[in-house]
Amino acid sequence: FPVIFSPFCVPFPPFCVTFLPFSVSFPPFCVIFPPFCVISRYSVLIFPHFVWLWGVSGAVTALGALCYAELGVALPRPGGDYAYVGHAFGPLVGFLRLWISVLVIYPTNQAVIALTFANYVLQPLFPTCGTPEPALRVLAAACLLVLTWVNCGSVRWATRVQDVFTAGKLLALALIVGAGAALIARGEHEWLRPSRAFPAGPGPGVGPLFLACLQGSFAYGGWNFLNYVTEELRQPRRNLPLAIGISIPLVTFLYVAANVAYLAALSPREILQSPAVAVTFGERVLGPLAWVMPLAVALSTFGGVNGSLFTCSRLFYAGAREGQLPALLAMIHVRRHTPVPALLLTCVSTLLMLVTGDIDTLINYVGFVNYLWYGVTVAGLLLLRRREPRLPRPIKVPLLCPALYLLFWGALLLFSLWTEPLVCGIGLAVTATGAPVYLLCLRGGPRPPALRRALARLTLFGQRLLLVVYPGGGGAPERPSPTPEPLKRPSPT
C-alpha cells in the first residue's frame, strides 16, 4: 500500500514543565510526537487536490486543540483526555481510554515512527530493490531498545537527545520546502498542474477522501500532549492557548509547503512507487547532497520515538496512582528518578507491535482509535458545560468549535467504518475488552486475600529488581472511590 511521508514538527513557546517527581525545561522549539505521517494512494492518484487534505486536517486539529485548551485549564489534572473523560463520563469510560492507550495507541505510534526510521536509514543501502522486511524490524527494535535505555538512565539524557534530534526535523523541513521553492522559482513545476499530474476521470468518492483525512490526521498527533502536564505548566492560561496558536498554523503551513515541494519535483506515480519519498526527492533535487535527506529524516524519526517514550510515562503514572493500573507503574528509580517500569512496559508492547503489524495497517488502526477518543473528549466538554456550568473556565471556546469538530468527527468515523470495516472493527473490539477487565478487576468487590498477597509479592519483587519506589519515597496511593475525584499526588502512608 503506497505511502507518502511528510515531516512533522510542533514548536512550543518557552515554558517549564514539571514531571513529578522531576523537573524538565523544554526548549522553545520542542517536538513531542510523530515526525512523519502517511497518506493513502486515494489522495495521491485520484484526488487532484490532495494537498488540500493537509489544510483540512490542520483546521480540524485546531478546533480540537481549542476544545482541549478549555478542558486543560478547567480541569488541570495529569493524564490529559484520560482525566477529562473520566470526570465527564465516569471511571469506566476513563479506564477504557487508558486501556486502549496502553494496548494500542502508544505502542502503535512508536512502532510506526521506529519503522519509518529504519526505512530511511536502510533505503540508501538498497537503491535498486526493496528493503528486506526483517532488516527493517530489527533496526526499528534496536532504535526502540536504545532509546528506552536512554530514558531509563537519565531524564537529562532524554531531554538532550530530544534537543539535538529536533534539529533533524527542522533541517528536513527546510531542505524540502527550500528546494521545492527553488524549483518553482525556476519554472520547474509541471506536476503541480492537475491536468498534467492527474488523469481525467471520476472522483474517488466521499469514503476514500475521509479515509485519507483520517490517515493525514496521524501527522498532527501530539497536539493534545501538552494537556498531559497542564497542572505543571507555568502560566497555563497563557501558555496553553499560545502554544496552540503558534504550533497548529505553522505545522499546517509546513505540511502543505512540503507536499507542494514533492509535487514540484516528482510525479504522483513516482511518489507512490518510492518507499522513502524524501530520499527520492533528495536524489532528484539535491544532487551530490542527496545523502543529507535520509540522514535528516532518520534524525527526525529517532527523536520522535524518544519524545513519545518520554511522554507516555506521564499517562501511566496518572493511571497507576488512580488505582487503574498496577501500582508498580507509578514508581520511579531510587537514584535516577525515571519511570523505569512504565518505560519497560511501553518498550515491550511496542516490540510486539513491530512483530505483528505492518506500517499501513498500524496507521489506519491508531488513526481511527485516536479520533474516536478525541470526539468522546470533546463531547465531554459539552456535557460539562451543561452539568457543571459554574466550573471555572479561564478559556471558554465558542460552542461552534466543538459542534464543527463533532460534525466532522462523526462523518469521518462513519466513512472510515464503511471503507475499512475490519481495521475499525478491531479497534472497537479491543476498546470494548477493557469493560470486563474494569468490572472484574476494579469494580468486582474486594480481592481475595490470596490474590492481594500475590500482587503485593509481585510488586515487591518488581521494586527490588528495578530499584524503584513511589515518588517521594511514600507508600501506595489510596484507591479512589468510584465517583471521579480530583487527582491527588500520592502521599506517604
Side-chain angles (χ1 to χ4, degrees), residues 59-101 105 217 221-233 235-245 248 314-315 317-319 321-324 369-413 431 434-435 438 442-443 480-489:
V60 175
T61 299
L63 292 175
L66 291 173
C67 297
Y68 269 65
E70 175 178 329
L71 289 169
V73 296
L75 303 171
R77 305 178 178 185
D81 37 21
Y82 157 63
Y84 308 150
V85 298
H87 182 90
F89 298 104
L92 172 60
V93 181
F95 177 79
L96 291 179
R97 173 55 171 164
L98 183 66
W99 174 260
I100 199 66
S101 297
I105 293 176
S217 69
W223 55 267
N224 62 325
F225 272 18
L226 201 57
N227 290 74
Y228 284 70
V229 292
T230 305
E231 71 170 358
E232 288 83 54
L233 272 182
Q235 300 180 1
R237 298 182 183 182
R238 172 184 177 273
N239 284 324
L240 187 58
L242 184 61
I244 294 170
I248 301 298
R314 197 68 183 90
L315 176 62
Y317 172 80
R321 78 178 189 177
E322 282 294 286
Q324 293 191 340
V369 174
N370 255 335
Y371 242 88
L372 173 66
W373 283 103
Y374 292 159
V376 172
T377 305
V378 173
L381 180 148
L382 297 178
L383 178 62
L384 291 176
R385 285 274 189 98
R386 180 173 182 176
R387 194 176 68 192
E388 302 181 29
R390 297 186 179 181
L391 182 71
R393 294 178 172 85
I395 301 173
K396 191 171 184 179
V397 298
L399 285 176
L400 184 63
C401 290
L404 288 176
Y405 185 88
L406 289 175
L407 181 64
F408 184 87
W409 171 79
L412 188 146
L413 292 187
T431 302
Y438 175 83
L442 299 178
R443 292 294 300 272
S481 62
T483 304
E485 297 289 344
L487 302 181
K488 301 178 181 179
R489 186 175 180 177

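Atom OH in Tyr405 sits 15.0 Å away from atom CG in Leu400 (nearest 0.5 Å). Distance CH2/Trp223 to CD1/Ile248: 8.0 Å, rounded to 0.5 Å. Between the CG atom in Leu406 and the CG atom in Leu382 there is a gap of 6.0 Å [rounded to 0.5 Å]. The line from CZ of Phe408 to CG of Leu413 is 10.0 Å long, rounded to the nearest 0.5 Å. Going from atom CG of Leu399 over to atom SG of Cys67 covers 9.5 Å, rounded to the nearest 0.5 Å.
When only modelled atom types and interatomic distance are considered, Gln324 and Tyr82 share a side-chain donor-acceptor pair under 3.5 Å. Side-chain contact of Asp81 with Tyr374: a donor-acceptor pair under 3.5 Å is absent, judged by distance alone.
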Q) Where do Phe89 and Val376 land on the side chain to side chain contact (heavy atoms under 4.5 Å, CB included) test, with the steps shown first? A) CA-CA 9 Å; Phe89 298 104; Val376 172; 3.9 Å; yes
Q. Can you list the steps and then say if Trp99 with Tyr438 is a ring-ring contact (aromatic ring centres under 6.0 Å, His included)?
A. CA-CA 9 Å; Trp99 174 260; Tyr438 175 83; over 10 Å; no
(Q) Run the side chain to side chain contact (heavy atoms under 4.5 Å, CB included) test on Leu240 and Arg237 for me, step by step, so that the C-alpha distance in whole Å, both residues' side-chain angles and the decisive distance to 0.1 Å come before the verdict. (A) CA-CA 6 Å; Leu240 187 58; Arg237 298 182 183 182; over 6 Å; no
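For Tyr84, there are no ring pair (Phe, Tyr, Trp, His ring centres under 6.0 Å) partners, not counting sequence neighbours. The salt bridge (charged side-chain N to carboxylate O under 4.0 Å, His left out) check on Arg385 picks up Glu70, with sequence neighbours excluded. Every side chain to side chain contact (heavy atoms under 4.5 Å, CB included) that Leu384 has, sequence neighbours left out, goes to Leu71, Leu75, His87, Ala88, Arg387, Glu388, Arg393.
Among all heavy-atom pairs drawn from Leu381 and Pro402, the shortest one is CD2-CG, 4.2 Å. The two residues Ala435 and Leu92 come nearest to each other via the heavy atoms CA-CD1, 4.2 Å. Across all their heavy atoms, Val85 and Gly94 have their closest contact at CG2-CA, 3.8 Å. When every heavy atom of Leu315 is checked against every heavy atom of Ser101, the shortest pair comes out as CD2-CB, 3.5 Å. Nearest heavy atom pair, residue Pro76 against residue Val73, reads CD-O, 3.9 Å. Minimum heavy-atom separation, Ile395 to Ala69: CD1-O, 4.2 Å.
Counting only distance, with no hydrogens or angles, the side chain of Trp409 and the backbone of Tyr371 share a donor-acceptor pair below 3.5 Å.
Inter-residue side-chain proximity for Thr431 and Trp373 is flagged as met; some heavy-atom pair is nearer than 4.5 Å.
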